[in-house]
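Worksheet: one structure, shown below.
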Number of protein chains: 2
Amino acid sequence: MHNELVSHIKKFIPLDSSEVAILESRLSISTIKRKDHVLQEGQICNTMYFVVKGCMRQYIINPKGTEQTLQFGVENWWITDYLSYHNQTPSHFYIQAVETTEVIALEKSVLESLLDEIPKLEKYFRIVAQKAFGAAQMRIKFLFTMSAEERYHHFNNQQPDFVQRVPQYMLASYLDFSAEFMSKIRAGKV
Amino acid sequence: MHNELVSHIKKFIPLDSSEVAILESRLSISTIKRKDHVLQEGQICNTMYFVVKGCMRQYIINPKGTEQTLQFGVENWWITDYLSYHNQTPSHFYIQAVETTEVIALEKSVLESLLDEIPKLEKYFRIVAQKAFGAAQMRIKFLFTMSAEERYHHFNNQQPDFVQRVPQYMLASYLDFSAEFMSKIRAGKV
DNA sequence: TCAAAAACTTGAACTACTTCAAGAAATACA
DNA sequence: TGTATTTCTTGAAGTAGTTCAAGTTTTTGA
């Protein structure tokens, strides 16, 4: 029995047993407690996080001092700041555990040596990044074309269980409206 | 002297002369006339476009019938619908030349055989996709935290020449406000 | 188990933007 | 070069959302 990341990789590329062995030897699960951060604004991001169980989020603090969630990462998602990671520049984001979460933290140096040893992994990370970019484009489309109420109902239809899982105010900011307005949408007062 | 895409790839990974030769034999430049489309909503996207010279854009038509630009692609950018491309599902987007544009159109079947022959290219496309995703995250951050006027001035500071290059109404929709409002911002009437 | 902290609700006042309509200016290309 | 087309401007009226403040409910963890 091997770890969840290996299973995820195998959905995209075949791995032989020696490659699995290399991966297993380098990857370990760590637990991030609810509300703990793995990245703070201003830090350089040197790690990619694969969510095994639980939920992480990437957020900012806006000029009014309110948190706004840009991205959630649940089971089988990667979360990181790719811009800070690639350019070695200070991050604009916080990355935090929404609930106590198990992740595989993959440091840049470890990832780079894995990519050298198992070049096939490049394909895996390419596909993951291209799909994530595609999802980001759809997200922008929804933000552009739907009203706040439509965005709420749409999300609620697509991910009914997830809505139960995170605080309302985090989801409101992810959908780009205020927590108060979300409360009114749910009460049917709009 | 070889093509612009080969030069771009060499910024990220080394290529030997036989690899360059393979690439050159498979890649050719085509010209897309101003306002012509390379992808329409509902079509399956089977091609990635690398912009050699000119400007492409990805847009949608919103429920009110207005075009909204999600993405511009200028020199050395890739533009495609990765979600349609990977899942072979109908695209939600239009991709069009803003000005007459030279592109390298890379079809899925050609790209896949290139990736088999030159596996190093996986790294190039991985890095390109990760950077594009990072840029999309920053874009969402700006949309979330800045007022319309701030978004305009910020963009204008970052890309002063680009603002001259595209019709105002396209840029307005990209920045997520109306063309009329942009006109007022520019006139200082807000 | 229970006190403290976090999350949610409500209504009233406000505002950053949109929409509409019509005319003026700029640009493309026959 | 001239004219059709595209793009930009302006003001007035409207609205989808925000903000604030205070109270209520739910959840957390010692």
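Chain naming here is simple, since letters A, B, ... match the order of the sequence lines and numbering starts at 1 in each. On a predicted model such as this, the values are computed, not experimentally measured, just so you know. Any value given below was found using the heavy atoms of this structure, including those in side chains, with hydrogens, waters and symmetry copies removed.
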Taking only residues two or more places apart in sequence or in another chain, which ones pass side-chain hydrogen bond (donor to acceptor under 3.5 Å, both in side chains) with A:His154? none

Can you label the angle between the B:Tyr174 ring and the B:Phe155 ring as parallel, tilted or perpendicular, going by 30° and 60°? perpendicular

What orientation do B:Tyr59 and B:His37 show, parallel under 30°, tilted 30 to 60°, or perpendicular over 60°? tilted

Taking 4.0 Å as the cut-off, does a side-chain nitrogen or oxygen of A:Lys189 come that near to OP1 or OP2 on C:dT9? no

A:Glu99 CD to C:dA7 P, in whole Å, measures 13 Å

Please say whether more than 12 non-hydrogen atoms of neighbouring residues, nucleotides or ligands are located less than 6.0 Å from NZ in A:Lys53. no

How long is the line joining CG of A:Leu175 and C1' of D:dT18, in whole Å? 16 Å

Tell me which residues in residues 152-163 of chain A lie within less than 4.0 Å of DNA chain D, going by non-hydrogen atoms. none

With respect to the side chain of B:Lys35, which nucleotide from C:dC8, D:dT10, D:dT6 is positioned closest? D:dT6

OP1 or OP2 of D:dT6 under 4.0 Å from side-chain N/O of B:Gln168: no

Output one letter per nucleotide in nucleotides 12-21 of chain C: B when a protein non-hydrogen atom lies under 4.0 Å from the base, S when only the sugar-phosphate is that close, - when neither is. B----SBBB-

Give a yes/no on whether any side-chain N or O of A:Arg34 is located under 4.0 angstrom from OP1 or OP2 of D:dG29. yes

Could you go step by step and tell me if B:Glu41 and A:Lys141 meet the salt bridge (Lys or Arg N to Asp or Glu O under 4.0 Å) rule? CA-CA 13 Å; B:Glu41 186 180 356; A:Lys141 172 183 165 155; 5.1 Å; no

